[in-house]
Amino acid sequence: MPKRYYEDYPEGWVGTFGPRAITREEMIAYASEYDPQPMHLDEEAAQQTMLGGLAASGWHVCCFMFRMMYDGFIAESASLGSPGVEEVKWLKPVRAGMPLTLRCTVLDKRVSKSRPGMGLAHILSELLDEGGAPVVTLTSTLLIARRHHDAMP
């Protein structure tokens with residue numbers, strides 16, 4: 001049973017999760033299967049790219065971010081999924097062993113007009129390096145059940 005509902009995530013709510021790191025082995029395994037570009041697979045070849053060394057695939061980093069988000073707060077929430085991601089920005093390469101912290105902020109929210117038992121929370125997710133600088137930002141909407149869906153928004 002969910003412990004947190006739409007009402008438990010006010011505008012301005014911030015959750016911070018981690019740190020966690022992606023290992024070299026995880027980076028290469030993911031890239032081998034889904035994104036076999038040289039900058040994600042081969043250290044020597046990666047040195048010659050604009051990334052200047054082996055870096056995690058951006059798509060791998062997005063999956064990693066979602067896992068941190070799921071473990072941090074979605075698993076205990078009344079999440080109903082998401083209608084999609086609005087924007088992803090890959091700002092800095094993610095290197096093996098780099099400690100990463102996820103910060104999620106509820107930017108705004110509203111109750112669904114067509115489904116009043118559900119709310120929509122617009123969320124900015126920022127994956128931060130050790131110094132607190134963002135390496136990836138992602139904006140999306142979380143659909144989440146309301147605790148008291150007979151109540152007014």
Side-chain angles (χ1 to χ4, degrees), residues 2-6 8-112 114-115 118-145:
K3 296 178 183 176
R4 298 190 73 172
Y5 292 83
Y6 173 81
D8 299 316
Y9 299 100
E11 286 187 21
W13 175 89
V14 176
T16 304
F17 316 104
R20 290 182 60 186
I22 300 174
T23 68
R24 181 182 183 283
E25 294 74 25
E26 290 169 327
M27 286 171 43
I28 291 173
Y30 183 93
S32 295
E33 184 71 20
Y34 301 108
D35 192 354
Q37 297 181 76
M39 70 275 278
H40 306 314
L41 288 172
D42 180 275
E43 298 207 34
E44 191 173 311
Q47 291 293 328
Q48 306 309 312
T49 70
M50 67 179 185
L51 299 180
L54 195 66
S57 162
W59 297 113
H60 183 190
V61 176
C62 287
C63 293
F64 179 82
M65 285 176 72
F66 182 76
R67 183 59 198 234
M68 289 179 77
M69 190 183 304
Y70 179 82
D71 291 344
F73 76 97
I74 291 177
E76 292 188 350
S77 76
S79 171
L80 300 170
S82 173
V85 171
E86 295 160 30
E87 180 179 68
V88 176
K89 290 184 180 181
W90 294 294
L91 305 170
K92 293 167 73 175
V94 171
R95 310 283 185 200
M98 177 187 282
L100 300 166
T101 300
L102 180 64
R103 179 174 59 209
C104 297
T105 305
V106 175
L107 301 174
D108 55 70
K109 58 187 253 186
R110 67 178 178 83
V111 172
S112 171
S114 61
R115 296 182 182 166
M118 173 175 70
L120 294 86
H122 189 218
I123 298 175
L124 170 63
S125 300
E126 301 168 285
L127 197 60
L128 310 172
D129 66 14
E130 238 177 338
V135 296
V136 178
T137 61
L138 183 148
T139 54
S140 61
T141 300
L142 177 65
L143 306 175
I144 188 164

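Put simply, the side chain of His40 never gets that close to the backbone of Leu54: no donor and acceptor are under 3.5 Å apart. Judged by distance alone, the side chain of Tyr6 and the main-chain N or O of Arg110 form a donor-acceptor pair under 3.5 Å.
Taking all atoms of both residues into account, the shortest heavy-atom contact from Ile144 to Arg4 is CD1-O, 4.3 Å. The two atoms that bring Pro36 and Ser32 nearest to each other are CB-O, 4.5 Å, heavy atoms only. In this structure, Ile28 and Leu41 approach most closely via the heavy-atom pair O-CD2, 3.7 Å. Residues Leu80 and Ala145 share a closest heavy-atom pair of CD1-N, 3.7 Å. Met69 and Ser125 make their closest contact through CE-OG, 3.0 Å (heavy atoms, listed as atom of the first residue, atom of the second, distance). The two residues Ala21 and Glu26 have their closest heavy-atom pair at O-OE1, 4.0 Å.
Rounded to the nearest 0.5 Å, atoms CG (Asp71) and CD (Glu76) are 10.0 Å apart. Distance check: Ser140 OG to His122 NE2 gives 7.5 Å after rounding to the nearest 0.5 Å. Considering CD1 of Ile74 and CZ of Arg67, their distance stands at 11.0 Å, rounded to 0.5 Å. Here CD1 of Ile123 is found 9.0 Å from OG1 of Thr105. Values are rounded to the nearest 0.5 Å.
In this structure the side chain of Gln37 never reaches within 4.5 angstrom of the side chain of Thr49, judged on heavy atoms. The side-chain heavy atoms of Phe73 and Cys104, taken from C-beta on, include a pair separated by under 4.5 Å. Side-chain contact between Met65 and Val136 is present, with at least one heavy-atom pair separated by less than 4.5 Å. The side-chain heavy atoms of Thr137 and Glu126, taken from C-beta on, include a pair separated by under 4.5 Å.
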Next item on the list: Please lay out, stage by stage, how Leu138 and Phe66 fare under the test side chain to side chain contact (heavy atoms under 4.5 Å, CB included).
Entry: CA-CA 10 Å; Leu138 183 148; Phe66 182 76; over 6 Å; no

Margin query: Please evaluate residues Leu128 and Leu102 with respect to the criterion side chain to side chain contact (heavy atoms under 4.5 Å, CB included), reporting the C-alpha separation (whole Å), side-chain torsions for both, the decisive distance (0.1 Å), and the verdict.
Written below: CA-CA 6 Å; Leu128 310 172; Leu102 180 64; over 6 Å; no

Note to self: Using the rule given for side-chain hydrogen bond (donor to acceptor under 3.5 Å, both in side chains), can you reason through Glu86 versus Thr141, listing the C-alpha separation, both sets of side-chain angles and the distance that settles it, and then say yes or no?
What the structure shows: CA-CA 8 Å; Glu86 295 160 30; Thr141 300; 3.0 Å; yes

Next item on the list: Mind running side chain to side chain contact (heavy atoms under 4.5 Å, CB included) on Leu100 and Phe64 for me, showing each step along the way?
Entry: CA-CA 10 Å; Leu100 300 166; Phe64 179 82; 3.8 Å; yes

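Ring geometry, Trp13 versus Tyr9: the interplanar angle exceeds 60°, so the pair is classed perpendicular (tilted spans 30 to 60°). Between Trp59 and Trp90, the two ring planes are perpendicular [angle over 60°; tilted spans 30° to 60°].
Remark: of the listed residues Lys92, Arg20, Met68, Met68 is the sole one forming a side chain to side chain contact (heavy atoms under 4.5 Å, CB included) with Leu127.
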